[in-house]
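Note on naming: letters A, B, ... go to the chains in the order of the sequence lines (proteins, then strands), and numbering restarts at 1 for each one.
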Protein chains: 2
Amino acid sequence: MQTRHLTFRLLQVFVQVVRCGNISLAARQLHLTQPTVSQQLKRLADTLGEPLLSHDNGKLTLTPVGEALYELCQDTLGQFDSFGQFLEDYRSGLRGQFSLALVNTAQYILPRIIGPFQAKYPNIEVRLQIGNRQQVLDYFEHQADDLYVFSHPPSSASSRAARIINNPLVIIAPKQHPLSLAKELSFEQLSAERFLLREPGSATRMLFDSWLLNQDFLLSSSLQMASNEAICVGVASGLGLAVVSRHVLAGFLNEVTILPVSGFELHSHWHYVRRTGHQLPMAAQRFVNFTQDNLQHCLDPRWLAKDLPMLTQKLLG
Amino acid sequence: MQTRHLTFRLLQVFVQVVRCGNISLAARQLHLTQPTVSQQLKRLADTLGEPLLSHDNGKLTLTPVGEALYELCQDTLGQFDSFGQFLEDYRSGLRGQFSLALVNTAQYILPRIIGPFQAKYPNIEVRLQIGNRQQVLDYFEHQADDLYVFSHPPSSASSRAARIINNPLVIIAPKQHPLSLAKELSFEQLSAERFLLREPGSATRMLFDSWLLNQDFLLSSSLQMASNEAICVGVASGLGLAVVSRHVLAGFLNEVTILPVSGFELHSHWHYVRRTGHQLPMAAQRFVNFTQDNLQHCLDPRWLAKDLPMLTQKLLG
DNA sequence: GAAATCCATTGATTATTGTCTATATATACT
DNA sequence: AGTATATATAGACAATAATCAATGGATTTC
């Protein structure tokens, strides 16, 4: 058998003929002429080297080989049909996968939209990458992922970004800290305190550093910790103060207090970022759309970034 | 997806490329040039409407769609390879089926060769038709079967026949019958007896009738029964005498006796018969070969027909 | 930075497939 | 015999598939 000369068309015609039990009828249903179908059958039988049909007392019947081939064809064509369906879904974004790279802090809030998304699109696989700003930047450079979430988008001409969620930074102190009772504070009042800081390269750290520089402040004492959780626990345990994203606090609000420091206004935003060179999978586009339409129901409205209603337009349009 | 434009060749090339992870190498292994393979891939991707491969940092990698297609191709091509193997076997006669039509009497002896044949060729399905001579003649006329076993082959120009087994007819009487003690008898001595006869159209009946006619004998009394077993039981029960194939007697030899009637010599033979117009399946040819080579080990040598050693030659050659 | 690989593209050629019309041949049904 | 109906065959043509050689761009390797 010369498998390489087999055509799906041939199999389709064969199956149709078997189903009709009648070459002429099959031809009509396939919008072909009868001789065409006859010849296709002949060619098929020739490439297999065995007859597939025989006419016994006027009726077309399958030879044993034909029988076996018919079974096989049904199976194969069925599988390819399913594959076609899979492709449809894939193309329309109902099925598929995409990867999303998050900077550390975003992991506290993005699941709130990913969860409902997964519920609506169970056939889409979201692969989540999480790292600090530098790592996600690396992913971004290598185009390793489809969509990125940054607090501070890289300034690349070949990328587009749109704000989605407000990310205010706050200064926290342990509940029992003397300053936690103050109605208003200036930053000078804190300058003697020890600060727990994220590693350089993290967006939180960068923002805070540049703010300090800008205000001409210098920290008298600091301690570096590589995780937001560690910092919160540290603050709660009285190790010092810290600047963290407001969103990180959820689980710690009964142990730490937000200090009302006047003049400390570090408002950043999380952005969806994509590379323009990289074709976004439909599944990812669905995710962007879904975010625009549903984020308001997943989040306290005060966190919604202003340009959320124009998200798809800014990012994809 | 335009399934109808898919080619097995395309799938083969794709699979090879995925296995090699390298287009040029795949091309060499397929004895093609690299551009050819590149183009095949392009065409495949075009008919599916989705890219299948991408080069990430120098390496070819499958897209999710490519991954799915690869799985599918492996499966499909594997199945067709198996089918090819099936075809091979079928063609060579190691696998397949054929039908064998037997006249009634032959069913007592043909299983002795069919059994060992099945043991050696478990993948060959033998379909057995059994009928009286007239019925098997009908099958023969309609070419319903591949091989026939007759006592008296139809005299058709479009058939070939070869003797395989001796089929002597004998006259039997109940053990307690007065004649059963005689050393030698003439047929006249039996003419007053009642004879149990098969139906007209059966070979045994035909032979006996024509012998009677030839010898100018007339039976005084007869009783017709449509089965050999019924006749044997009848004789054993004292209903009368009968003429039956020697081979039918196996289970009755302690109840009936063969009468030594001088001048009664009805030697017929079973034949394998095939129609020359009908292409014999390889499986059936295997059976003929097997018969020639093994019948001697399955049967008492006295029943072997003289021209058994030339069986295949006479029937197929 | 030169050489070596690897891949994509282009343009051209040939072989194979898909398809038709017209005709012949069976077979079954009056 | 005569008329449908179903298949097969032959001859012709267009479309598609399969292939190559030549070339250029990218990436890796030395």
*Using distance alone, with no hydrogens and no angle criterion, decide if B:Gln34 and B:Ser38 have a side-chain donor and acceptor under 3.5 Å apart.*
yes
_Between P of C:dT16 and CG of A:Asp46, the distance in whole Å_ = 14 Å
*B:Leu30 side, atom CG; B:Arg9 side, atom CZ - distance, nearest 0.5 Å*: 6.0 Å
*asked:* Distance under 4.0 Å to a non-hydrogen atom of chain B counts as contact; along DNA chain D, which nucleotides mark the start and end?
replied: D:dA17 to D:dT28
*Could you verify whether a donor N or O on one side chain and an acceptor N or O on the other, from A:Gln12 and B:Arg4, lie under 3.5 Å apart?*
no
_Measuring to OP1 and OP2 of C:dC20, would you say a side-chain N or O of A:Thr36 lies under 4.0 angstrom away?_
yes
*Starting at atom CD of A:Gln2, determine the distance to atom P of C:dT17, rounded to an integer number of angstrom.*
10 Å
*Residue closer to the 5' end of DNA chain D, A:Arg28 versus B:Arg43 (nearest nucleotide)*: A:Arg28
*Answer yes or no: does a side-chain N or O of A:Thr33 lie under 4.0 Å from OP1 or OP2 of C:dT19?*
no
*What's the CG-P distance between B:Leu52 and C:dC7, to the nearest Å?*
15 Å
_Does the plane of the ring in A:Phe287 sit parallel, tilted or perpendicular to the ring in A:Phe98? Use 30° and 60° as the thresholds._
tilted
*asked:* Do B:Gln85 and B:Asp81 pair up side chain to side chain, a donor and an acceptor below 3.5 Å, judged on atom types alone?
replied: no
_Earlier contact from the 5' end, DNA chain C, for A:Leu6 and A:Gln34_ = A:Leu6
*Heavy-atom contacts under 4.0 Å between residues 14-24 of chain B and DNA chain C, which residues?*
B:Asn22, B:Ile23, B:Ser24
*Under-3.5 Å donor-acceptor pair between A:Gln40 side chain and C:dT17 base*: no
*Starting at atom CD of A:Gln39, determine the distance to atom C1' of C:dA22, rounded to an integer number of angstrom.*
13 Å
*Check ion pair B:Arg205-B:Glu199 (N to O, under 4.0 angstrom)*: no
_For the residue pair A:Tyr70 / A:Gln74, report whether a side-chain donor-acceptor contact shorter than 3.5 Å exists._
yes
*Give the rounded distance in Å between these two atoms: NE2 of A:His5 and C1' of C:dA15.*
9 Å
_Approximate separation, where rounding is to 0.5 Å, of A:Arg275 CZ and A:Arg160 CZ_ = 14.0 Å
*Using a cut-off of 4.0 Å on non-hydrogen atoms, how would the nucleic acid contact of A:Leu25 be classed: base, sugar-phosphate, or nothing?*
nothing
*Is A:Asp307 salt-bridged to A:Lys314, going by a charged N under 4.0 Å from an acidic O?*
yes
_Looking at B:Arg4, I'd like to know whether one of its side-chain N or O atoms comes within less than 4.0 Å of OP1 or OP2 on C:dG18._
no
*Please give, in whole Å, the distance from C:dT19 C1' to A:Arg9 CZ?*
10 Å
*How close or far is atom P of C:dT19 from atom NE2 of A:His31, stated in whole angstroms?*
12 Å
